[in-house]
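Notes follow once the structure below has been shown.
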Amino acid sequence: MTPTATPARLGVALGARAYDIVIGPGALAGTGREMVAAGLARRAHVVTDSNVAPLHLDRLLAALDAAGIASDSVTVPAGEESKTFDGLQGLLSALLDRRIERRDCVVALGGGVVGDLAGLAAALVLRGVDYVQVPTTLLAQVDSSVGGKTAVDTPHGKNLVGAFYQPRLVVADTDVLDTLPRRELLAGYAETAKYGVLGDAEFFAWLERNGAALVAGDAAARIHAVRRSCEMKAAIVAADERETGDERALLNLGHTFAHAFEAATGFGAALLHGEAVAAGMAMACELSARLGLCPPGDAARVRRHLGAMGLPAGLPPPPPGGWNAETLVRLMGHDKKVEGGRVRFILVRGIGKAFVSRDVPPAIVASLLADAAQAV
Ligand code: GLY
């Protein structure tokens, strides 16, 4: 596959809920034009956060203005704390204060937190208004902005209250990744690598060759990686919009382990979601190898690439008190991916060949984690 710097337009084929993903350098400046073309020419209410607003809000508002779209904005505090019932209530009140109307549009400008929160607010306010995703992190561009998963966290856990509510348009400007801290970029890279491991060995090999350039700022590499990831995500979402089959579940590769790592470290800055996914993906490949399902060389290759990129490729840095295999197994049982009391794992038969398994013996998971904990 030849990497290309050509901006891309992809479709998410969901019948009456179909929409486009526009990807490319400078795409943000065309947001208003794209919204008009998508029939979203009424008033726009931009939702962003306190980190993103100083960087990109003025340019987005200017792009809307240039297309004749009147707009206002709501800025929420940056961070996961905004993705709560209180944060949702505050945002809904702000939208109602601005006298949002049924045919208006919410525009989410930011990373996963803003996208999830604004998407859920759009699903609820006035019983549902259209929304547009303008993702500003690599993680949001390759994953969370596409597919309509919206949610807030509750004291019971992350993302436990939400809705499948598809955006009407996604605009991924790869230039905005230039302002992303390196750690955030790498965390998003883990979700990018996930697509290679789960379903495209050629893409994984391309990432092995081009990942370092992508992180260093190579524009063509960034466009290619975001485009390929979105192509795969769009196809998966079109096949299994509400994760009722096994297709969309494949996007959870590494997430069962990741959930336990994040829960054990407090879902905070100590371990970013993407870092936990990298660690979890390495563990899922290792588990597959131990079960005799995946060539050990493929599991080693995944670990090698994640490690070379500076991501965790085994257990992540431990919380105070260290890792405890029993605690991690218990935390896996609290994940929302548990079905009928059984933990669901995404395993691989090799790089690019993921599948869902519901019958992994817990003792093998425990011994894998115990061995890994010894090695830290
Ligand atoms: N981030 C996983 C999904 O969208 O299904």
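Counting starts at 1 for both ligands and their atoms, following the listed order.
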Residues R344 and D246 bridged, charged N to O under 4.0 Å: no
May I have a table of the N/O to N/O pairs between ligand 1 and the protein that fall below 3.5 Å, each row giving the two atom names and the distance to 0.1 Å?
{"unit_1": "ligand 1", "atom_1": "1 (N)", "unit_2": "D143", "atom_2": "OD1", "d": "3.1"}
{"unit_1": "ligand 1", "atom_1": "1 (N)", "unit_2": "D143", "atom_2": "OD2", "d": "3.0"}
{"unit_1": "ligand 1", "atom_1": "4 (O)", "unit_2": "K233", "atom_2": "NZ", "d": "2.5"}
{"unit_1": "ligand 1", "atom_1": "4 (O)", "unit_2": "R248", "atom_2": "NH2", "d": "2.8"}
{"unit_1": "ligand 1", "atom_1": "5 (O)", "unit_2": "K149", "atom_2": "NZ", "d": "2.9"}
{"unit_1": "ligand 1", "atom_1": "5 (O)", "unit_2": "R248", "atom_2": "NE", "d": "2.7"}
{"unit_1": "ligand 1", "atom_1": "5 (O)", "unit_2": "R248", "atom_2": "NH2", "d": "3.4"}

N/O donor-acceptor pair under 3.5 Å between R304 side chain and A299 backbone: no
Cation-pi geometry met for R349 and F355 (6.0 Å, 45°): yes
hydrophobic_cluster_shared for V125 and V76, side chain cutoff 4.5 Å: yes
Within-4.5 Å side-chain heavy-atom neighbours: V365 and L287: yes
Trace of the side-chain hydrogen bond (donor to acceptor under 3.5 Å, both in side chains) decision for N252 with E243: CA-CA 11 Å; N252 294 324; E243 208 172 312; 3.2 Å; yes
